[in-house]
Amino acid sequence: MVKITIDGIEIEVAAGTTILDAARQINPETAPPAMCFHSKLEGSGGKCRTCLVKVTKTSPSNPRPMPKLAPSCRTFVEDGMEVENNRSEEVLEARKGVVELLLINHPLDCPICDQAGECDLQNLAFEHGAETTDYQEERRRFPAKAIGDLIQLQMNRCILCFRCVYVADQLTDGRHHGVLGRGDSSEIGTYIEAAIDNDFSGNMIDVCPVGALTDRTFRFKSRVWFSKPMAAHRTCEKCCGNAVLWLKGNEILRVSGRRNDVGEVTEFICNTCRFDTKSLHLWEVEGPARISRDSVISQNHTPS
Amino acid sequence: MKPLTNRSKTVSNKTMTLMERLYLPAIVKGMAITLRHFFKKKVTIRYPEETRPFSPIYRGLHVLKRDDTGAERCTACGLCAIACPAEAITMDAAERKPGEERLYREEKYASTYEINMLRCIFCGLCEEACPKEAIFLTDRILPSGTTRKSFIWGKDRLVETESNRIDISKRHFYYKDEK
Ligand code: SF4
Ligand code: SF4
Ligand code: SF4
Ligand code: FES
């Protein structure tokens with residue numbers, strides 16, 4: 001076990017933990033925001049830089065600060081390390097800059113986007129972003145694309161976090177889509193023309209932090225805050241069968257995976273559960289799903 | 001007890017004098033006041049032939065605006081509905097088909113949009129919430145009706161027609177104009 005101090009709060013964590021994880025163990029709400037890191041996806045993280053923190057003391061034997069702000073999702077703790085997160089002006093300022101950079105090509109079409117209301121980028125911009133931007137250039141534009149019948153890709157909104165690529169790599173047996181092109185012209189694409197019909201491909205929708213990958217069967221059906229999220233399960237031979245049903249009356253508008261305190265999907269569900277079992281009698285409803293009180297979804301919702 | 005205002009009068013049960021019991025002088029006095037008012041400037045107007053000027057912050061009947069090219073501005077984002085304290089607004093969204101670009105401004109539009117005018121308290125929060133400058137409260141007065149159903153205003157009555165645009169240019173927004 002190693003001792004680490006984050007914003008003056010001391011915590012003991014196992015060696016090999018990242019700073020982000022340690023901060024989440026203290027309090028998920030004050031932990032640095034993370035857009036590309038996902039604890040269930042191996043190798044994720046290190047792309048978006050929203051999780052930057054300031055390491056003021058690396059260890060007692062090496063009391064110098066790290067020369068630059070460090071991405072907390074990829075930086076491991078050391079015994080006696082001291083980290084500043086929300087306390088450091090420099091970190092908050094850097095985060096503001098990162099949000100601005102993530103948004104330079106974003107179309108800001110939240111009124112149309114199905115992710116609005118549960119979008120990590122929206123929350124990030126609201127909490128950490130600046131109100132204005134200096135960016136005036138053309139934003140890059142891609143046509144909307146359907147990846148198969150079930151998934152809608154709106155490349156304009158993508159922040160290139162690579163999470164969906166890791167899902168395709170790690171959850172599905174054949175890799176069918178990835179990032180094409182480099183730099184400014186990188187884009188998520190399918191390698192084959194045929195639709196992805198892998199059983200777990202739907203999880204890309206859940207891991208995508210923005211509205212770039214959304215559920216085509218839910219497209220424009222309802223704003224997320226007008227449907228009621230209910231925790232439910234069913235017996236499924238392919239996956240755990242634990243999901244959240246988004247109800248309007250007795251109609252299931254959408255099925256998604258369950259999320260933890262920091263908004264990460266905890267258990268991946270198969271496409272049968274997600275797309276093909278949209279009938280209430282096929283599910284055992286447990287009760288209202290837990291929704292953060294800060295979320296707009298909690299407006300019409302009594303969490304358990 | 002100290003009176004709350006200087007207009008309060010103490011009530012007494014004293015017996016009336018003869019003059020007071022006659023009532024006639026009081027009636028004459030009252031008639032004189034009435035008569036005087038005949039020759040004063042009238043405070044009423046002959047509505048609806050005549051109307052008073054509306055204040056620029058008057059919040060009357062809603063309108064759903066079209067943009068300059070005539071396409072509907074509303075994109076069914078639902079922000080007005082969630083901002084509405086009276087829960088008066090409901091809507092359904094639909095996807096714009098190719099070829100409908102002239103009808104709807106955005107990729108998604110409201111296929112139905114209803115305001116229950118009996119619920120609405122004309123607070124203007126819907127207008128404040130709208131990111132697309134689609135809904136406005138105007139200086140028009142909500143017509144009366146005889147059935148409850150007639151107060152559910154759908155898109156047929158809310159969306160302005162291209163030939164009869166509703167002018168909202170004089171509307172004053174305290175949250176925008178006074179920044
Ligand atoms: S589509 Fe979504 S999950 Fe995939 S890289 Fe873009 S933002 Fe990340
Ligand atoms: S004016 Fe107020 S009460 Fe009426 S529809 Fe708009 S938000 Fe609701
Ligand atoms: S009127 Fe405005 S706020 Fe309401 S749904 Fe339409 S665009 Fe959204
Ligand atoms: S979450 Fe750490 S860099 Fe993206």
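Throughout, protein chains are lettered first and strands after them, A, B, ... in sequence-line order, and every chain is numbered starting at 1.
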Using a 4.5 Å heavy-atom cutoff, which residues in residues 116-136 of chain B come close to chain A?
B:P131, B:K132
NZ/NE/NH1/NH2 to OD/OE distance under 4.0 Å, A:D261 and A:R290
yes
What's the shortest heavy-atom distance between A:C48 and A:V98, and which atoms?
O-CG1, 3.4 Å
Residue pair A:E100 / A:T133, side-chain donor-acceptor N/O under 3.5 Å:
yes
Minimum heavy-atom distance A:T50-A:P33, with the two atoms named
OG1-O, 3.4 Å
Taking atom types as modelled and ignoring hydrogens, do the side chains of B:T5 and B:R7 form a donor-acceptor contact shorter than 3.5 angstrom?
no
Do you know the tightest heavy-atom contact between A:N203 and A:I269?
ND2-O, 2.9 Å
Are any of the side-chain nitrogens in B:D139 or B:R171 under 4.0 Å away from the carboxylate oxygens of its partner?
no
Applying a heavy-atom distance below 4.5 Å, give me the residues of residues 94-103 of chain B that approach chain A, sorted by number.
B:A94, B:E95
For A:C161 versus A:P209, what's the shortest heavy-atom pair and its separation?
SG-CD, 3.7 Å
Pair listing, salt bridge (Lys or Arg N to Asp or Glu O under 4.0 Å) test, anchored in residues 116-135 of chain A, at least two apart
A:E118-A:R254
Side-chain contact, heavy-atom cut-off 4.5 Å: B:Y23 with B:M16?
yes
Residues of residues 39-77 of chain B within contact distance of chain A, non-hydrogen under 4.5 Å:
B:T75, B:A76, B:C77
Determine whether B:K155 and B:T112 satisfy the following criterion, side-chain contact (heavy atoms from CB on, under 4.5 Å), listing intermediate values before the conclusion.
CA-CA 6 Å; B:K155 273 182 76 178; B:T112 63; 5.8 Å; no
Verify whether one side chain among A:K221 and A:S227 offers a donor that lies under 3.5 Å from an acceptor in the other.
no
Under a plain distance cut-off of 3.5 Å, with no hydrogens placed, do A:R139 and A:N156 share a side-chain donor-acceptor pair?
no
